[in-house]
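Data first, discussion second: the structure below is written as structure tokens.
Fair warning: this is a prediction, and the values are worked out from it, not measured in the lab. Numbers here simply count residues along the sequence, with the first being 1.
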Amino acid sequence: MKYKNDLILRAANGETTERTPVWLMRQAGRILPEYRAVRGRLSGFKELATTPALAAEVTIQPVDILGVDAAIIFSDILVVPEAMGLTYEMYESKGPVFPKVISSEKDIDSLKIKEAVEDLEYVYEAIRLAKKELAGRVPLIGFAGAPWTILAYMIEGSGSKTFAKAKKFLYAEPILAHKLLQKITDTTILYLKEQQKNGADILQLFDSWAGILAPEVYKEFSLRYITQICNSITEAPLTVFAKGAFFAREEMGKLNCRTIGLDWNMGIRESRMLIGPTKTLQGNLDPCVLYAPLSEIKRQTISMLNEFGKVNHIANLGHGVYPDTKVDHVKCFINTVKEYTFNPEQ
Ligand code: CP3
């Protein structure tokens, strides 16, 4: 496939680029009035995510409106537990809720793997449609949740400040936890491969709840499975974003993946030292900086770019963009990256 703009692919592959590529986690969503207009005509988030033509439409919106260097397929990490057998509801104010959760070995045994991957055909169709509409303007990112983060929702049944129930499961039922994590891992590998076959150019794993585990527990119950995924995904460059896992950066440097995502608590120079020189780093402006006046957004973005340096960096926020962020503030971040020329003295 020939791209008009393949900056992100080249940066992900460790090649030198004319400028740093930029996109935003959660760029396809509520920050855009055009997204809210599509969403407002429907029964809810799930209808949008499961209707390929509409999912493809909102995938492309940030490319047209914001000018980002990549599209990310409009979906959710929770489509995987749903396809494995646990349906979820998405409530506007509360977030996701799973009416049925995993509470026994029998529940784990009844989860599907191969059929789950087949049931996600609507995601593959959305990818094919988005790819066609993009017509090579920018590459398309596919994604999945990391096994620990998916387990956390499967056990807890909803979002939580502490995910204490999910953590309790790791400590009280480690054998069952490993059994469940392995099933999620097997499904995720097949799912990511299928996304790549249908047109995803880069794949990203979101370990959103990495930071709530103690370092040794994180190694045993999360990194072990992320390692399996990294070793199995050879078809496309993979990004691992483990929010809050500052303590695991050295180990993440050894993963068989191309890019490591940083959140805003991870110092840039320190991360580079811990992770090593060869991986591409992605991130890491605090999403709250986008609430600041435009001059401050510009200043902080330039300072971030200076610290990362001009190679092996994909500019992004340190987590998803918050829904009440103003579009012109998001554009200021994107345009600052695009106009930047490297000057370490700045
Ligand atoms: O990045 C993108 O633009 C692509 C779309 C995308 C969504 N969710 C759409 C979405 C992606 C990459 C995700 C990932 C996701 N989903 C994560 C990992 C990233 C992270 O933020 O840590 C997690 C933990 C989820 C689970 C999830 N989905 C929660 C907790 C919620 C409720 C909170 C919220 O943000 O509303 C969602 C809902 C969701 N996923 C929305 C969107 C656009 C909002 C729902 C709506 O439009 O009504």
Side-chain angles (χ1 to χ4, degrees), residues 12 25-26 77 143-156 159-174 177-178 180-182 184-185 188 203-233 237-289 303-304 307-309 312-320:
M25 290 185 275
R26 298 287 196 110
I77 62 169
F143 68 91
W148 150 245
T149 288
I150 297 301
L151 173 144
Y153 284 104
M154 284 176 145
I155 299 288
E156 197 86 31
S160 154
K161 275 213 173 75
T162 58
F163 277 95
K165 203 175 152 205
K167 283 169 76 175
K168 175 179 163 189
F169 184 65
L170 303 186
Y171 286 106
E173 299 285 357
H178 280 300
L180 177 53
L181 287 163
Q182 192 59 57
I184 300 169
T185 301
T188 303
L203 299 167
Q204 176 157 329
L205 267 184
F206 287 90
D207 206 358
S208 303
W209 301 111
I212 63 174
L213 294 182
E216 287 310 309
V217 180
Y218 187 68
K219 249 194 238 171
E220 179 180 345
F221 291 96
S222 187
L223 265 186
R224 189 196 284 192
Y225 298 94
I226 290 178
T227 302
Q228 284 186 32
I229 296 171
C230 290
N231 290 341
S232 306
I233 301 295
L238 182 69
T239 302
V240 176
F241 172 59
K243 169 93 181 35
F246 61 90
F247 48 80
R249 281 174 290 176
E250 209 171 328
E251 283 95 337
M252 287 198 286
K254 296 178 198 131
L255 287 172
N256 197 2
C257 68
R258 263 307 312 158
T259 301
I260 301 290
L262 304 182
D263 68 42
W264 64 91
N265 283 134
M266 300 174 181
I268 295 167
R269 292 202 168 91
E270 182 189 63
S271 300
R272 176 53 81 197
M273 253 157 55
L274 289 167
I275 293 168
T278 51
K279 289 226 188 312
T280 297
L281 300 180
Q282 177 171 276
N284 76 339
L285 198 72
D286 183 346
C288 284
V289 170
S303 145
M304 172 191 83
E307 271 201 73
F308 273 107
N312 287 355
H313 178 218
I314 295 169
N316 205 311
L317 302 177
H319 198 188

Are [X] and [Y] side-chain neighbours, meaning at least one heavy-atom pair lies under 4.5 Å?
X      : Y      : result
Phe241 : Gln204 : yes
Leu170 : Leu151 : yes
Pro147 : Ile229 : yes
Met304 : His313 : yes
Ile150 : Ile77  : yes
Leu255 : Leu238 : no
His319 : Arg26  : no

Which atom of [X] lies closest to which atom of [Y], heavy atoms considered:
X      : Y      : answer
Thr162 : Ile212 : O-CD1, 3.6 Å
Leu285 : Trp264 : C-CB, 4.2 Å
Ala152 : Ala166 : CA-CB, 3.7 Å
Met154 : Ile184 : SD-CD1, 3.7 Å
Ala177 : Phe169 : CA-CE2, 3.5 Å

Determine, for Trp148 and Lys167, whether the Lys NZ or Arg CZ falls below 6.0 Å from the six-membered ring centre while staying within 45 degrees of the axis.
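Judged by the rule (NZ or CZ under 6.0 Å from the ring centre, within 45° of its axis), Lys167 is not positioned above Trp148.
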Between [X] (side chain only) and [Y] (backbone N and O only), is there a donor and an acceptor less than 3.5 Å apart?
X      : Y      : value
Thr149 : Ser208 : yes
Asn312 : Pro277 : yes
Asp263 : Gly244 : yes
Ser232 : Gln228 : yes

Using the test side chain to side chain donor-acceptor pair (under 3.5 Å), find all partners of [X] that sit at least two apart in sequence or belong to another chain.
X      : result
Glu156 : none
Asn265 : none
Thr188 : none
Trp209 : Tyr153

OG1/Thr185 to CZ/Arg224 distance, rounded to the nearest 0.5 angstrom?
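Thr185 atom OG1 to Arg224 atom CZ measures 10.5 Å (nearest 0.5 Å).
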Let me have the donor-acceptor pairs involving side chains of residues 246-254, under 3.5 Å, with sequence neighbours excluded, atom names and distances please.
from: Arg249; atom 1: NE; to: Phe246; atom 2: O; distance (Å): 2.9
from: Arg249; atom 1: NH1; to: Glu270; atom 2: OE1; distance (Å): 3.1
from: Arg249; atom 1: NH1; to: Ser271; atom 2: OG; distance (Å): 2.8
from: Arg249; atom 1: NH2; to: Glu270; atom 2: OE1; distance (Å): 2.9
from: Glu251; atom 1: OE2; to: Lys219; atom 2: NZ; distance (Å): 3.3

Look at the aromatic rings of Phe143 and Phe206 and report parallel, tilted or perpendicular, splitting at 30° and 60°.
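Judged by the thresholds at 30° and 60°, the geometry between Phe143 and Phe206 is perpendicular.
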If you look only at pairs with a residue in residues 204-215, which of them pass as a salt bridge (charged side-chain N to carboxylate O under 4.0 Å, His left out), with sequence neighbours excluded?
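Those involving residues 204-215 do not exist here.
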